[in-house]
Amino acid sequence: MVDQAQNLREFVRDSRQHARVLAVTSGKGGVGKTTTSVNLAIALAAESARVTVLDADLGLANVEVLLGLNSLYNLQHVIHGEKKILQILAQGPGGIHVVPGSSGLAKLADLGPAARQNVLTGLRELQDQNDFVIIDTMAGIGQNAVAFAAAADEVILVTTPEPSAIVDAYAMVKTIHGMRADSVFRLVINMVATEQQALAVASKLSHVAQQYLGRSLSYLGYIPRDPHVSQAIMQTQPFILRFPGAAASKCMHQLALRILQQRAEADQRRPGFFRRFAETLGLASSA
Ligand SMILES: Nc1ncnc2c1ncn2[C@@H]1O[C@H](COP(=O)(O)OP(=O)(O)OP(=O)(O)O)[C@@H](O)[C@H]1O
Ligand SMILES: [Mg+2]
């Protein structure tokens, strides 16, 4: 009997719900979406999460370039039904997987029904296999970026303290909010001099969103401007692995911990099947 209960606890603990989808986006280009996507993925994987980064940028294969990967297959092959998404996964550093991007994504809205279905099926398969799917989108209010962001469980909106980046970030919030009013936004302020600067930017953006859209934006955290970031990029390595002690790396681990904590809180508010099953059996507290 004890053995049975123990087995069930382990079963419940191991039976994870399907992935939370985080779309990393921005209004302005070059603010740090790709570096954030990849390094955040590795930070989450370091906490035992199963993470895949999907490169949804327009044909530039940003994620692969950043990691020095060179895959034979990409999303294009999935769109055309030549490969399943799990067959094109590239093994990235730090235990993450990468779905290599493709210029085919430039025309997501123009795809025929079969191709669209292939993309959807692929995304569902990714969700089943991961705890987090991180989508590195293009900058700006282009159709694809907005479609991914509006569909995601959470939008990680990256901006720098530059006024033009803040203005464009707000335009992005407005567009995504216009498509889906219950989108969840988490602000990451990148390339800051101090945390105070990040807090000031986040509060300014949140205030404007509150005033004009009647909604709040939550602050996820900041990443300092850190020379280790570009040094690691030059070596085609993620900075979090290349320079684990760097200030940017420590902040990235903080972001990951906050995301995990928020996920645990969300699961508690809306428990999934296994948790409810465990509760029915009186095993929830230790499961
Ligand atoms: N925290 C940081 N400290 C210093 N430099 C940084 C930091 N974050 C990003 N950078 C620099 O900014 C550049 C752009 O970053 P990244 O490619 O991640 O931006 P992006 O938003 O994905 O750009 P794009 O819109 O072109 O896809 C990097 O090459 C890197 O040199
Ligand atoms: Mg990028």
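Computed from a predicted model, the values in this text were never measured in an experiment. In listed order, ligands and their atoms are each counted from 1.
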**Prompt:** For ligand 1, is there an N or O atom under 3.5 Å from any N or O atom of T34?
**Reply:** yes
**Prompt:** Which atoms of ligand 1 are found less than 4.0 Å from any heavy atom of I223?
**Reply:** 1 (N)
**Prompt:** Are any side-chain N or O atoms of D136 and backbone N or O atoms of D55, one a donor and one an acceptor, separated by less than 3.5 Å?
**Reply:** no
**Fill in**
For A19 and D153 the tightest heavy-atom approach is O-OD2, 4.0 Å
**Request:** Give me the protein N, O or S atoms that fall under 2.8 Å of the Mg ion (ligand 2), sorted by chain and residue number.
**Result:** T34 OG1
**Message:** If you count heavy atoms of other groups shown closer than 6.0 angstrom to CG of N70, is the number above 12?
**Reply:** no
**Message:** Below the 3.5 angstrom mark, is there an N/O of P227, backbone or side chain, next to an N/O of ligand 1?
**Reply:** no
**Asked** Considering residues at least two apart in sequence or located in another chain, which fulfil the side chain to side chain donor-acceptor pair (under 3.5 Å) criterion with S26?
**Response** K33
**Fill in**
dist K174:NZ -> Y212:OH (nearest 0.5 Å) comes out at 10.0 Å
**Message:** So if I count the atoms of ligand 1 from 1 in the order they appear, which ones are less than 4.0 Å from some heavy atom of G29?
**Reply:** 25 (O)
**side chain to side chain contact (heavy atoms under 4.5 Å, CB included) partner of R186, chosen from L22, V155, L220** = L220
**Fill in**
Quick note on ligand 1: atoms under 4.0 Å from a heavy atom of I233 include exactly 28 (C), 29 (O), 30 (C), 31 (O)
**Request:** Specify side chain, backbone, both or neither for D136, according to which of its non-hydrogen atoms lie closer than 4.0 Å to ligand 1.
**Result:** neither
**Message:** Please identify which of these residues, D131, L255, L44, meets the side chain to side chain contact (heavy atoms under 4.5 Å, CB included) condition with L260.
**Reply:** L44
**Item:** G30, S37, P224, A248: member with heavy atom nearest to atom 23 (O) of ligand 1
**Value:** G30
**Under 4.0 Å to a heavy atom of R225 - the qualifying atoms of ligand 1, by number** = 3 (N)
**Request:** Any chance you could measure K204, atom NZ, to I166, atom CD1, to the nearest 0.5 Å?
**Result:** 4.5 Å
**Prompt:** Of the non-hydrogen atoms in A150 and R180, which two are nearest, and what is the gap between them?
**Reply:** O-NH1, 2.6 Å
**Message:** Just to verify, which of Q127, E154, Q262 counts as forming a side-chain hydrogen bond (donor to acceptor under 3.5 Å, both in side chains) with R20?
**Reply:** E154
**Message:** So if I count the atoms of ligand 1 from 1 in the order they appear, which ones are less than 4.0 Å from some heavy atom of S230?
**Reply:** 31 (O)
**Asked** For ligand 1, which part of T35 has a heavy atom less than 4.0 Å away: the side chain, the backbone, both, or neither?
**Response** both
**Request:** Could you tell me whether a side-chain N or O of N39 sits under 3.5 Å from a main-chain N or O of I240, the two making a donor and an acceptor?
**Result:** yes
**Item:** N or O pair under 3.5 Å between K33 and ligand 1
**Value:** yes
**Asked** Looking at F132, does the NZ or CZ of R263 lie under 6.0 angstrom from its six-membered ring centre and within 45 degrees of the ring axis?
**Response** yes
**Prompt:** Mind checking whether G32 has an N or O less than 3.5 Å away from an N or O of ligand 1?
**Reply:** yes
**Prompt:** Any N or O of N190 that comes nearer than 3.5 Å to an N or O of ligand 1?
**Reply:** yes
**Given L157, I156, I135, V158, the one that forms side chain to side chain contact (heavy atoms under 4.5 Å, CB included) with T25** = L157
**Item:** Polar proximity ligand 1 side, D226 side, N/O cut 3.5 Å exclusive
**Value:** yes
